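Model, not experiment: these values are computed from the prediction.
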Amino acid sequence: MAHTWNFYRTGGLDQASLKTAADLAALDELDPKLWVALSCPVKGLELDEKTLAMIDTDHDERIRVPEVIAAAKWLLSCLKNQEEALSGSDKLPLASINVSTPEGKAVADAARQVLANLGTPQADSITLDNFADPATLFPPEHINGDGVISAEATTDDEVKALIADVAACFGTVKGKTGSVGVTPEQVEKFFTDLEAYLTWAEASAGIEIRPFGDDTDAAHKAYVAVRAKISDYFTRCRLIAFDPRTSQAINRPPEAYDPIAPQVLAADSAGLVALPLSLADADKPLDLNQGVNPAWADAVEQFRTASLTPQFGAHKATLAEDEWIKLQGKFAAYEAWLLKRPGGKVAALDLPRARDIMGGKGKAGLLSLLARDAELGPGFEALVDLERLIRYRRDLGTLVHNFVNFSDFYSKDRWAVFQAGLLYLDNRSCELCIKVDDPGTHAVIATMSKACIAYVDCKRPGAAMKVAACFTQGDSDYLYVGHNGIFVDRHGKDWDATIVKLIDNPISIRQAFLSPYKKFIRFIEEQIAKRAQSADDASNAAMTGAATDVAGAASGTPPPPPAPKKFDVGTVAALGVAVGGITGALGIVFGAFLNLKGWMPIGFLGVLVAISGPSVLIAWLKLRQRTLGPLLEASGWAINGRVQINMPLGRALTDCAKIPAGAHRSLRDPYRDKGEFWRVFAFWFFLAALAGALIAAAIYHQWPFTPKPEHSQTTSAPDAPPSAPSGAPATK
């Protein structure tokens, strides 16, 4: 039957509940479209990287959905009580291991072996701390099955020397237990190359290959060292024989030595080494004792001793060209044989040592160690699985609560694995801080989160890191590049923090409402500052001109006539039109406002809406779109759900400074501005008066007071004359 899932809604996101082992076992039934994340990086999270590396079975440094499912099923299969899979503890009781399977039994045996190695065979549980020191858990003098043989694993000196030879040819490998040695693959390669090397070496037994017997190697090395220079010498001699006029050029004129003459010369000076071996002349033998370039004197002497003496005797003092050609022929066969030498690094061994290795007992001893290590291999894999089981039992629950769902992120008492710490800056503390490698690259995607992000450089002695901190409460008035703060990481370490990049987005509706007025005030302040600066510049210019005039008068030079003042009628007219237009507009607005009568408060609110409405609307739209996804995706995550950062969550992620409840607060400031009280009083009095006037006007116009009507009388006064009849003539 399909598993019955429970879903809960947090932050506008439906998330699968993971509270039981049955939920964990049914992860393969949960549609990946319902997972909050589809992949996450192995590095940069507040979760043990070694655990994540074990879950990352394909070693691509990313955790994916199939790997999480496989890790959950393996963990459940190794536990007798599967509800312990989400325990979060690194203390594993031996009784919790499921020994009904071969893998579980091997893990239990490995746990007992570890406890025995640590000297606590009676312990009934094992922890991750028991694996902290591999040297104690796996002594290097013991064969442990990790596939690496160290020199300390044997007391046989011949085997130790052989291990050193293998390491000299192919290097050493650090095993899983921390020991350093050689691997079976290296040993096999060593003996294969060594056998080929000896087979090749035996082919030189004939005299035609090794003209000087066992001394051929030394003779050939001395010959190769000077071969190019001696050939160059005889070539120069032949060229002079061809044309004697070239003698001076071939042997370098005196001025050719000018560049090196001022130098402090040594035998290995570059200018000296480049000179010919000896002065050349037609058909002149090479004098091995006299007239040799000092830079090559030692090499020529070594050549005479090692290469010429065995053939010509110790008295040999000169070398003719035909003798040189004959010597080259003697080495031709040997050099052809050298070209066929196997290219492996084993060829660096001396032949006597190579023969001793193949004929000695070291090979058999080393192969025996390798066989014993291979026999212990399954037991060592069980040790690896034991550590894996402890790590999965401790960390897998945390991973799924930050992968399948984001319950840790929305929790009030836990942090998500991507939250790096707490940033204190600008009277606020920010919890949503994510480690980043490159702020510039990260910001390209992170800006789509619609959040206010400050990229911060964090430094402490010997360490540095970069963090992207999200400000989700307050305002951004005092967030600027260069602002310093303190970052406290998840381990409680303090870092010096400095803002290096800022992505400015609305943080709150209050900030958006006040934004137009703040901009207007800043604009007025800037204009006043510009006007004051212009006036100051004009005053300085006037003072400078007056001082110049005084100095000229003192020297008898009459001051220049003042420039005639220009009267720009157009400018004055334009100013008049502008002032009139502004005055007229203000009059129209004020008159329209008074004509509202009882609706003046509504009109006042309308003015506020007209001014602050657009910025508030834009801020509201952006705050509704604010999401965590782009922040994590820029760090290598693949976020599947729309993890919104709404305003209640934003207030939880960023905490503003507040005076504690019950604290005593004194408002008496000895350094306050003397006129501050009256300015504040006048401001609030003006607002109160304005509100009172609006309310009074509204009441007056809405409910006007009218006089009480009187009863009318139709009787005429007693002395009033009677009215004339209709049609009667008028009398004066």
Review point. Taking the six-membered ring for Trp, are Tyr223 and Phe331 parallel (under 30°), tilted (30 to 60°) or perpendicular (over 60°)?
Key: parallel

Check your understanding: Hey, are the side chains of Lys466 and Cys458 touching, using non-hydrogen atoms and a 4.5 Å cut-off?
Key -> no

Point to revise | Those residues that, when tested against Asp373, pass side-chain hydrogen bond (donor to acceptor under 3.5 Å, both in side chains) (two or more places apart) | key: none

Practice item. Would you mind reporting whether Val114 and Ile126 have side-chain heavy atoms less than 4.5 Å apart? Key: yes

Review point. Would you find more than 12 non-hydrogen atoms of other residues, nucleotides or ligands less than 6.0 Å from Glu188 atom CD?
Key: no

Study note, to complete from the structure: OG1 (Thr57) and CZ (Arg64) are apart, to the nearest 0.5 Å, by 10.5 Å

**Study point:** Residues Lys326 and Glu321 bridged, charged N to O under 4.0 Å
**Key:** no

Review point. So Ile390 and Arg394, side-chain contact (heavy atoms from CB on, under 4.5 Å) or not? Walk me through it.
Key: CA-CA 6 Å; Ile390 299 174; Arg394 183 193 66 176; 5.7 Å; no

Point to revise | Glu49, CD: over 12 other non-hydrogen atoms inside 6.0 angstrom | key: yes

Point to revise | Side-chain heavy-atom pair Val300, Leu277 within 4.5 angstrom cut-off | key: yes

**Study point:** Chi angles and distances behind the side-chain contact (heavy atoms from CB on, under 4.5 Å) call for Leu286, Thr318
**Key:** CA-CA 5 Å; Leu286 175 63; Thr318 60; over 6 Å; no

Practice item. Return the minimal non-hydrogen interatomic distance between Val292 and Asp287, and the atom names on each side. Key: CG2-O, 3.3 Å

Exercise for review: Check whether more than 12 heavy atoms from other residues, nucleotides or ligands sit under 6.0 Å from atom CE of Met358, and answer yes or no.
Suggested key: yes

Check your understanding: What orientation do Phe190 and Phe170 show, parallel under 30°, tilted 30 to 60°, or perpendicular over 60°?
Key -> perpendicular

Check your understanding: With sequence neighbours left out, which residue pairs that include part of residues 351-371 fulfil the side-chain hydrogen bond (donor to acceptor under 3.5 Å, both in side chains) condition?
Key -> Asp165-Arg353, Glu202-Arg355

Exercise for review: First locate atom CD1 of Ile434, then atom CG of Leu632, and finally report the distance between them rounded to the nearest 0.5 Å.
Suggested key: 4.5 Å

Check your understanding: Looking only at heavy atoms, which two atoms of Lys284 and Cys237 are closest? And how far apart?
Key -> O-SG, 3.9 Å

Point to revise | Gap separating the OG1 atom of Thr51 from the CG atom of Leu399, nearest 0.5 angstrom | key: 9.5 Å

Practice item. Of all the heavy-atom pairs spanning Ile453 and Ala468, show the shortest one and how long it is. Key: CG2-CB, 4.0 Å

Check your understanding: If you take all heavy atoms of Ala446 and Leu631, which pair is closest and at what distance?
Key -> CB-CD2, 4.0 Å

Practice item. Rounded to the nearest 0.5 Å, what's the gap from CG on Asp489 to CE on Met465? Could you check? Key: 5.5 Å

Check your understanding: Can you check whether Asn402 reaches Leu45 side chain to side chain, under 4.5 Å on heavy atoms?
Key -> no

Review point. Which of these passes salt bridge (Lys or Arg N to Asp or Glu O under 4.0 Å) with Arg391: Asp90, Asp48, Asp385?
Key: Asp48

**Study point:** Salt bridge present between Glu323 and Lys316 (N-O < 4.0 angstrom)
**Key:** yes

**Study point:** Note: Arg236-Asp232 ion pair, threshold 4.0 Å (strictly below)
**Key:** yes

Check your understanding: CZ of Arg372: more than 12 outside heavy atoms within 6.0 angstrom?
Key -> no

**Study point:** Side-chain donor/acceptor of Gln263 to backbone N/O of Pro259, under 3.5 Å
**Key:** yes

Practice item. Report, as yes or no, whether the 6.0 Å neighbourhood of atom CD on Glu255 holds more than 12 heavy atoms from other residues, nucleotides or ligands. Key: yes

Review point. Which atoms form the tightest heavy-atom contact between Pro254 and Gln248, and what is the distance?
Key: CD-NE2, 4.4 Å

Point to revise | Spacing of Leu275 atom CG and Lys229 atom NZ [to the nearest 0.5 Å] | key: 7.0 Å

Review point. Are Thr498 and Asn484 linked by a side-chain donor-acceptor pair shorter than 3.5 Å?
Key: yes

Exercise for review: Examine distances only and state if a side-chain atom of Asp56 and a backbone atom of Leu52 form a donor-acceptor pair shorter than 3.5 Å.
Suggested key: no

Practice item. Begin with the C-alpha distance, continue with both residues' side-chain angles, and end with the deciding distance and a verdict on side-chain contact (heavy atoms from CB on, under 4.5 Å) for Leu128 and Glu387. Key: CA-CA 7 Å; Leu128 204 56; Glu387 183 181 3; 4.0 Å; yes

Check your understanding: Should Glu301 and Arg304 count as an ion pair when the cut-off is N to O under 4.0 Å?
Key -> yes

Check your understanding: Which atom pair, heavy atoms only, marks the closest approach of Pro276 to Ile250?
Key -> CG-O, 4.2 Å

Point to revise | Residues, nucleotides or ligands: over 12 heavy atoms within 6.0 Å of Asp283 CG | key: no

Check your understanding: Does Val384 reach the side chain of Phe131, with side-chain heavy atoms less than 4.5 Å apart?
Key -> no

Review point. For the residue pair Trp324 and Tyr233, is the inter-centroid distance of their aromatic rings smaller than 6.0 Å?
Key: no

Exercise for review: Assess whether side-chain contact (heavy atoms from CB on, under 4.5 Å) is satisfied between Leu349 and Ile357, documenting all intermediate values.
Suggested key: CA-CA 10 Å; Leu349 292 174; Ile357 292 174; 4.2 Å; yes

Practice item. Go through the steps for Arg62 and Ser39 under the test side-chain hydrogen bond (donor to acceptor under 3.5 Å, both in side chains), then give the verdict. Key: CA-CA 7 Å; Arg62 296 181 67 79; Ser39 71; 2.7 Å; yes

**Study point:** Pairs meeting criterion side-chain hydrogen bond (donor to acceptor under 3.5 Å, both in side chains) with involvement of residues 437-448, two or more places apart
**Key:** Asp438-Thr441, His442-Tyr455, His442-Ser635

Practice item. Show the numbers, then the answer: is there a salt bridge (Lys or Arg N to Asp or Glu O under 4.0 Å) between Glu46 and Lys435? Key: CA-CA 10 Å; Glu46 294 298 324; Lys435 291 181 181 178; 3.5 Å; yes

